[in-house]
Q: 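First, the structure itself, so that you have it in front of you.
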There are 2 protein chains.
Amino acid sequence: MTQRRTQILDAAAVLIAERGFTSTSVDDVIKGAKLSGKSHFYHYFKSKEELGYEVLNRQFERFAERGLAVLREPMIDPIERLYLFIDGVVALQAENGGRHGSPFGNLAAELADAHEGFRLRIEAVFERWASQIGSLLWEARAQLTDDVDAVRLSRFIIATLEGAVLMTRVKRDLSVLEGIAIDLKRFIAMHVRQSVRDDARGARPW
Amino acid sequence: MTQRRTQILDAAAVLIAERGFTSTSVDDVIKGAKLSGKSHFYHYFKSKEELGYEVLNRQFERFAERGLAVLREPMIDPIERLYLFIDGVVALQAENGGRHGSPFGNLAAELADAHEGFRLRIEAVFERWASQIGSLLWEARAQLTDDVDAVRLSRFIIATLEGAVLMTRVKRDLSVLEGIAIDLKRFIAMHVRQSVRDDARGARPW
DNA sequence: AGAGGATAGGACCATGTGGTCCATAGCGCA
DNA sequence: TGCGCTATGGACCACATGGTCCTATCCTCT
């Protein structure tokens with residue numbers, strides 16, 4: 001019953017990642033989901049817009065499970081978790097050769113200006129993402145220098161990753177993202193207290 | 001004669017910034033340029049695609065003049081120029097309240113995957129941008145620590161700015177970009193030799 | 001067996017798209 | 001004046017789009 005729905009959602013996610021929301025037609029989605037008949041689509045979804053919202057939601061859930069989850073691993077040192085998270089983003093991109101970029105960044109660039117509904121939902125995505133990093137930084141506050149502004153640093157990390165993923169997609173070269181990830185970890189390390197950093201000396205090859 | 005052409009190009013630039021390339025129709029462009037009759041458009045441009053290429057070109061020229069130019073100011077200390085450049089990007093975004101983001105990033109996200117012609121042209125834009133920062137870093141090499149990789153650092157700066165501009169657009173809040181700009185300058189300062197940094201002590205409020 | 005709702009199929013519609021064509025207007029130049 | 005060029009208008013086309021609607025099928029429950 002709800003299986004057909006997910007079939008449609010999955011097909012739509014792929015197509016939207018490849019061509020963007022506007023350039024993905026309902027007919028394409030139906031074809032992608034191997035259904036024929038457009039009424040079938042409108043049996044499950046109110047409109048194409050609604051489908052887009054739901055795809056975005058699912059993308060975030062997926063990202064929360066596969067990317068953000070590590071940020072909450074209680075057995076790992078918080079700063080280390082942050083590094084692992086960055087590596088995870090690289091790994092996620094590597095799965096498709098960096099070809100499709102970030103679903104959030106893509107939709108943001110395509111629709112933020114023109115479509116308030118999407119803009120708000122994408123804003124919420126970034127908000128939740130930032131708050132996860134924010135609470136990790138709070139948890140790690142004893143290890144961080146006093147001048148760390150958690151909100152600002154969270155945004156910096158997200159912005160850099162989004163930008164890096166976008167450039168990687170344009171250049172079709174994963175090493176762009178890899179290089180930026182290294183520098184980003186360095187930037188974070190810059191905010192770790194010297195004493196803590198000394199403890200980890202030699203542990204980090206970069 | 002060529003004035004009508006620029007009229008069309010200007011109108012198209014505005015519309016593409018607002019709604020993206022795909023969602024900007026030729027009819028809209030004509031209306032925006034206050035011309036009537038589509039044949040007029042096709043008198044000046046081979047196709048909509050061609051128009052897009054030319055708009056992208058002009059955007060880069062504009063950015064080269066208004067943004068990148070400061071990177072080559074011979075009378076200013078190179079590192080200082082880099083800071084000024086970052087401030088300039090913020091100022092450029094402030095002109096429209098950060099609403100439209102980066103024309104390069106937007107087109108990249110919208111078309112990089114689906115349209116090879118655009119992808120290559122956007123890649124070239126980033127390439128030229130990176131090489132300008134790269135040669136500045138080369139010029140400043142005496143002031144920089146030995147571990148600076150000019151190519152990687154250039155990419156990092158561009159990625160962070162592009163990501164920041166995108167987030168600013170989504171949140172409709174210029175302070176996002178401003179905050180990231182501060183951190184980005186700090187990151188750059190991290191690569192400046194201690195001796196040089198001491199000389200400038202107190203000069204930088206952040 | 002038969003009623004009734006969920007599922008499918010696909011014809012259909014209004015609108016918007018990029019792009020073509022052709023008939024005219026205006027113009028400088030001889 | 002009249003030739004020939006570029007500019008201008010707009011009708012027109014084939015096709016794709018999001019969305020609706022009506023009719024079959026299927027499955028389940030009685």
Side-chain angles (χ1 to χ4, degrees), chain A residues 1-58 106-107 110-111 113-119 121, chain B residues 1-58 106-107 110-111 113-119 121:
Chain A
M1 41 176 76
T2 186
Q3 187 180 347
R4 286 287 149 88
R5 242 183 101 86
T6 36
Q7 226 171 98
I8 294 176
L9 283 165
D10 289 340
V14 171
L15 290 171
I16 291 173
E18 277 172 13
R19 310 130 80 126
F21 180 74
T22 309
S23 300
T24 298
S25 76
V26 175
D27 283 319
D28 292 338
V29 172
I30 289 163
K31 235 169 275 169
K34 276 164 193 160
L35 305 175
S36 77
K38 207 164 359 188
S39 67
H40 204 149
F41 175 89
Y42 285 96
H43 181 69
Y44 291 109
F45 297 93
K46 200 172 127 253
S47 64
K48 190 193 170 191
E49 196 186 21
E50 210 66 41
L51 169 77
Y53 292 162
E54 231 163 300
V55 167
L56 177 59
N57 258 339
R58 281 165 53 95
N106 292 349
L107 284 180
E110 191 187 341
L111 302 169
D113 232 35
H115 197 302
E116 188 69 0
F118 273 103
R119 205 210 101 224
R121 282 165 176 83
Chain B
M1 41 176 78
T2 186
Q3 186 180 345
R4 285 288 149 86
R5 243 184 100 87
T6 36
Q7 228 172 96
I8 295 176
L9 284 166
D10 289 339
V14 171
L15 290 171
I16 292 173
E18 279 172 13
R19 310 129 83 124
F21 180 74
T22 309
S23 300
T24 298
S25 76
V26 175
D27 282 320
D28 292 337
V29 172
I30 288 163
K31 237 169 274 170
K34 277 165 191 159
L35 305 176
S36 76
K38 208 168 351 191
S39 68
H40 204 150
F41 175 88
Y42 285 96
H43 181 68
Y44 290 109
F45 298 91
K46 201 172 126 251
S47 64
K48 189 193 171 191
E49 195 186 24
E50 210 67 40
L51 169 77
Y53 292 162
E54 230 162 303
V55 167
L56 176 60
N57 259 338
R58 281 165 52 97
N106 292 349
L107 284 181
E110 191 187 342
L111 302 169
D113 232 36
H115 198 302
E116 187 71 0
F118 272 102
R119 205 210 101 224
R121 281 165 177 82

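Chain naming here is simple, since letters A, B, ... match the order of the sequence lines and numbering starts at 1 in each.
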Q: Expressed as a whole number of angstroms, how long is the span from B:Tyr42:OH to D:dG9:C1'?
A: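 These atoms are roughly 16 Å apart.
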Q: For C:dA8 and A:Arg4 - does any side-chain N or O of the residue sit under 4.0 Å from the phosphate oxygens OP1/OP2?
A: yes
Q: Quick one: does any side-chain atom of A:Glu110 pair with a main-chain N or O of A:Thr22 as donor and acceptor, under 3.5 Å?
A: yes
Q: Whole angstroms only, please: what is the CG-P distance between A:Leu15 and D:dG18?
A: 12 Å
Q: Measure the NZ-CG distance between A:Lys31 and A:Leu15 for me, rounded to the nearest 0.5 Å.
A: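 A:Lys31 atom NZ to A:Leu15 atom CG measures 10.5 Å (nearest 0.5 Å).
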Q: Would you kindly check if the NZ (Lys) or CZ (Arg) of A:Arg5 is within the cone defined by 45 degrees around the ring axis of A:Phe45 and under 6.0 Å from the six-membered ring centre?
A: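 The answer is yes, since A:Arg5 meets both limits relative to A:Phe45.
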Q: Counting any heavy atom closer than 4.0 Å, what does A:Ser39 reach on the DNA or RNA strands: base, sugar-phosphate only, or nothing?
A: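 If one applies the 4.0 Å heavy-atom cut-off, A:Ser39 turns out to touch a base.
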Q: To the side chain of A:Ser47, which of C:dG19, D:dG19, C:dT17 is closest?
A: D:dG19
Q: Indicate, with a heavy-atom threshold strictly under 4.0 Å, whether B:Thr24 touches base, sugar-phosphate, or nothing.
A: sugar-phosphate
Q: So, B:Lys48 side chain and B:Phe21 main chain: donor-acceptor pair closer than 3.5 Å or not?
A: yes
Q: Would you mind telling me which residue lines up with the more 5' stretch of DNA chain C, A:His43 or A:Lys38, judged by nearest nucleotide?
A: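 Its nucleotide being nearer the 5' end, the pick is A:His43.
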Q: Looking only at side-chain atoms of B:Tyr44, point me to the closest of D:dG18, D:dA7, C:dT17.
A: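 Between D:dG18, D:dA7, C:dT17, the one nearest the side chain of B:Tyr44 would be D:dA7.
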Q: Between B:Ile30 (CD1) and C:dG18 (P), how many Å, whole number?
A: 9 Å
Q: A:Leu51 CG to D:dG19 C1': how many Å, rounded?
A: 14 Å
Q: Between A:Tyr44 and A:His40, what is the ring plane arrangement, given parallel below 30°, perpendicular above 60°, and tilted in between?
A: parallel
Q: Using heavy-atom distances to pick each residue's nearest nucleotide on DNA chain D, tell me which of B:His40 and A:Phe21 is more 5'.
A: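 Closest to the 5' end, via its nearest nucleotide, is B:His40.
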Q: Without decimals, in angstroms, what is the distance between B:Gln7 CD and D:dT8 C1'?
A: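 Roughly 13 Å, once rounded to whole Å.
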Q: With a 4.0 Å limit, can you tell me whether B:Ser25 has a side-chain N or O closer than that to the phosphate oxygens OP1/OP2 of C:dT17?
A: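 It does, given that an N or O in the side chain of B:Ser25 lies less than 4.0 Å from OP1 or OP2 of C:dT17.
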Q: Hey, which sits more toward the 5' end of DNA chain D by its nearest nucleotide, B:Leu35 or A:Lys48?
A: B:Leu35
